[in-house]
Number of protein chains: 2
Amino acid sequence: MATIKDIANAAGVSLATVSRVINNGPKVGDATRERVKAIMTEMGYRPNANARALVTKRSASLGVVLAELLDPFFATLAHGIESVTRKHNVQILMSAGSIEKATELKAIETLLEHRVEAMVVHSKALDDEVLIEFARQAPGFVLINRFIPEIGNRCVWLDNVAGGRIMAEHMLKQGHKKLAVISSRYQIDDPVDRITGIRQALQSAGIDLPESHIEYSTPDQEGGEKCIQNLLAKGVDFTGVLAYNDAMASGAMTMLLDHHIDIPSQVSVIGYDDVLLAKYSRPKLTTLRYPVEMMAAKAAELALSYASGKKPEADITFKYTPTIVKRESVLRL
Amino acid sequence: MATIKDIANAAGVSLATVSRVINNGPKVGDATRERVKAIMTEMGYRPNANARALVTKRSASLGVVLAELLDPFFATLAHGIESVTRKHNVQILMSAGSIEKATELKAIETLLEHRVEAMVVHSKALDDEVLIEFARQAPGFVLINRFIPEIGNRCVWLDNVAGGRIMAEHMLKQGHKKLAVISSRYQIDDPVDRITGIRQALQSAGIDLPESHIEYSTPDQEGGEKCIQNLLAKGVDFTGVLAYNDAMASGAMTMLLDHHIDIPSQVSVIGYDDVLLAKYSRPKLTTLRYPVEMMAAKAAELALSYASGKKPEADITFKYTPTIVKRESVLRL
DNA sequence: TTGTAAGCGTTATCAT
DNA sequence: ATGATAACGCTTACAA
């Protein structure tokens, strides 16, 4: 592959001049500029981003750490980030992490070795201290979907306690008193927070939520199916199901229908996330809108701006609250 | 950030020695090795991937060009690639392209500037010649979901003509004679090929497919809805719908049900791709399985192996054929 | 086993 | 307006 040197030789000018042409620098004669440009295209010259990054210490790249591309939630996340990197002419370096300490750590470190300018990290497994330390090292470090008070100004996150409260309140308002919850079995904050919110709402209404009415499984459609099976097997009596996410809600609906339990006339179901699935399931799923895409875009902008020297304000954080999207899966009793 | 020089100074050894312990090179005394390692972790040293790539001319990274992360098809694609890069300890550089010449070109060029070792490219808009030229320049260049005879050994693709034939034959075998097709409005090979296959099957059965029975729209759920609306508005009489993909099939089912047309008792629907959507729609969608994930993994392996010097065999290509997945959306008449 | 030094492709600082 | 030249952080012969 042709280097800047080859171009310089071919054009009979110095390296410096070619470099100036490449970077649209000033102080270059029009004639030379044209001649050099011509030779560059002729020889198929492509500047070496690595060499450039080495000397300028800037890489025009943003690192992304997420758990699993297949999950529509993360796909949406990635899409939100991509929309801003495209605008800024920045390259995405992607590292998948899978919600385990070791892999999340590895993902972040690889990105750091590549000297990405900014990074948007979705980490659930790593401890606060580790993340705080990374933030100290990398100016453009931003967390999405997680809140750590010490670095709140680098956190773009959703208030899951409020989310849990909102979904429960909606069910209560529709007259549902016999509720079941199907949640994620993973030991991360999100399911805990959402259930906390649910309990808050129920408590205010003087309603109890026994542990037996909560089922845990993998946060996907299959998990939703299993939870319903277990609930049914245990003979739990419920008219409303609060799901951890839309995938579980969808699985739950499938299983309920398989048992000839109609939705929403016999059982109401509410989801969380509002991914595409929700809109196109049958019946259409009432759910909480998690503005991932907007949040991801925000996180990317933030990371880029911090990376380029903007100082994070103290005492600020980027908290979002989910809103309810009423569709067809919840019936007013 | 600490450099190799800093480590060398702190450890009282030369650059070369530090480099050797970084790369687990031989010929380093155990004592020195331990000492240097200790100092590296203590100082939080991280080798600079750019500098390394510059001198070794290898970057341990694989570039991916795709159109749209939001689309579950591409998410699956990305996931398949990710599974092999993870295994090979290779980083993913992602560039979104959006099926336009200019953006696809830009995406590939950026990746090339970053000197990725290998690349898996999903390009629909660029001309054959351009792609062939890229393949000539970059040893690890592999195309997915596209076939170009001249570089067939760098193509991992699906036989869409066969796919069209298979879906039509299935409908015919189930006794459907009045068929409608809803297809993608984009001017790329895939929809054309699939319709070609469909026509082949119908022709063999002596059945005609008038242009009026084909509707084109965007290849998503909304597009599927619109196509059905148009078909219904035109008063086309059909008992079977062949959809361009599962998303359109899903939209079609939604719209049919909205018109109180039951599936499959009144109209049968068949999709294409077999994304998650198909399994969880109601009724469950009969569709063609497009083994994207497997193909993407294959493409990534191929790209990596070509990149590391393996010579592509002549007269070989990586063609896959979709298989039918029978679920509930097609009724035997 | 360890060190010296050249060079990878650029940019940037001085000169000219 | 153009050219030398010293970095940037690292690997890798070649010496010692």
Side-chain angles (χ1 to χ4, degrees), chain A residues 1-37 39-40 43-61 91 109-117 137-138, chain B residues 1-37 39-40 43-61 91 109-117 137-138:
Chain A
M1 173 132 299
T3 73
I4 200 174
K5 210 172 190 171
D6 300 328
I7 306 294
N9 287 336
V13 295
S14 71
L15 297 189
T17 303
V18 179
S19 179
R20 290 187 188 104
V21 173
I22 294 174
N23 301 290
N24 289 312
K27 303 167 184 288
V28 170
D30 283 353
T32 349
R33 166 163 283 141
E34 289 319 310
R35 190 156 40 90
V36 171
K37 274 193 174 170
I39 295 187
M40 290 199 309
M43 301 184 65
Y45 171 73
R46 262 184 257 295
N48 183 324
N50 292 312
R52 195 184 287 209
L54 185 58
V55 40
T56 59
K57 293 162 175 319
R58 334 195 336 90
S59 63
S61 67
Q91 202 57 23
E109 299 211 293
T110 321
L111 257 21
L112 252 18
E113 289 185 3
H114 280 266
R115 301 296 190 268
V116 291
E117 288 209 34
Q137 289 175 31
Chain B
M1 172 134 303
T3 75
I4 199 173
K5 208 170 190 173
D6 301 328
I7 306 294
N9 287 337
V13 296
S14 73
L15 296 191
T17 302
V18 178
S19 178
R20 287 185 191 107
V21 343
I22 292 174
N23 300 289
N24 287 313
K27 300 165 186 291
V28 171
D30 282 355
T32 355
R33 165 162 285 141
E34 289 319 309
R35 189 156 42 90
V36 171
K37 274 193 173 170
I39 294 187
M40 288 197 314
M43 301 183 64
Y45 171 71
R46 262 185 258 291
N48 182 324
N50 292 312
R52 193 185 283 200
L54 185 57
V55 37
T56 61
K57 291 158 177 319
R58 336 196 331 92
S59 62
S61 68
Q91 204 56 24
E109 300 212 291
T110 321
L111 257 19
L112 252 20
E113 289 185 3
H114 279 267
R115 301 295 190 268
V116 291
E117 288 211 37
Q137 290 175 30

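Naming convention: chains lettered A, B, ... in sequence-line order (proteins, then strands); numbering from 1 in each chain.
Listed by residue number, there are no residues of residues 45-53 of chain A with a heavy-atom contact under 4.0 Å to DNA chain D.
Atom CD1 of A:Ile4 and atom P of C:dG7 are 18 Å apart (whole Å). Distance CZ (A:Arg58) to P (C:dT10): 18 Å, rounded to an integer number of Å. Rounded to an integer number of Å, the gap from NE2 of B:His114 to P of C:dG9 is 17 Å. Distance, B:Leu54 CG to C:dA6 C1': 13 Å, rounded to whole Å. If you measure from atom CG of B:Leu15 to atom C1' of C:dT1, you get 16 Å, rounded to the nearest angstrom. Taking atom CD1 of A:Ile7 as the reference point, atom P of C:dG9 lies 12 Å away to the nearest angstrom.
Under a 4.0 Å N-O distance rule, the pair B:Glu113/A:Arg46 does not qualify as a salt bridge.
Within 4.0 Å of B:Ser19, counting heavy atoms only, lies at least one base atom of the nucleic acid. Within the nucleic acid shown, B:Lys57 comes within 4.0 Å of sugar-phosphate atoms alone, with no base atom in reach, counting heavy atoms only.
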With the criterion being N/O to N/O and under 3.5 Å, what pairs connect the protein with nucleotides 14-16 of chain C, and how long is each?
none

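Using a 4.5 Å cut-off on side-chain heavy atoms (C-beta onward), A:Pro47 and A:Ile4 make no contact. Proximity of A:Leu54 to B:Asn48: side-chain heavy atoms (C-beta onward) are separated by under 4.5 Å at one or more points. At least one side-chain heavy atom of A:Val13 sits less than 4.5 Å from a side-chain heavy atom of A:Arg35. A heavy-atom distance below 4.5 Å is not found between the side chains of B:Lys5 and B:Val18. Here the side chains of A:Arg52 and B:Asn50 are not in contact, with every heavy-atom distance at 4.5 Å or above. Counting heavy atoms from C-beta on, the side chains of B:Thr32 and B:Arg20 never come closer than 4.5 Å. In this structure, the side chains of A:Gln91 and B:Leu111 come closer than 4.5 Å at one or more pairs of heavy atoms.
Comparing B:Thr56 and B:Thr32 along DNA chain C, the residue whose closest nucleotide (by nearest heavy atom) sits nearer the 5' end is B:Thr32. With DNA chain D read from its 5' end, the first of the two nearest nucleotides for A:Gly12 and B:Lys5 is the one closest to A:Gly12.
A donor-acceptor pair is defined here as one N or O able to donate and one able to accept, closer than 3.5 Å; such a pair exists between the side chain of A:Ser59 and the backbone of A:Arg115. Side-chain atoms of A:Glu117 never come within 3.5 Å of backbone atoms of A:Ser61 as a donor-acceptor pair (strictly under, hydrogens ignored). The closest donor-acceptor contact from the side chain of A:Asn23 to the backbone of A:Gly25 lies at 3.5 Å or more, if one exists at all.
The nucleotide range of DNA chain D contacted by chain A, defined by atoms under 4.0 angstrom from heavy atoms of the protein and reported 5' to 3', is D:dA1 to D:dG9.
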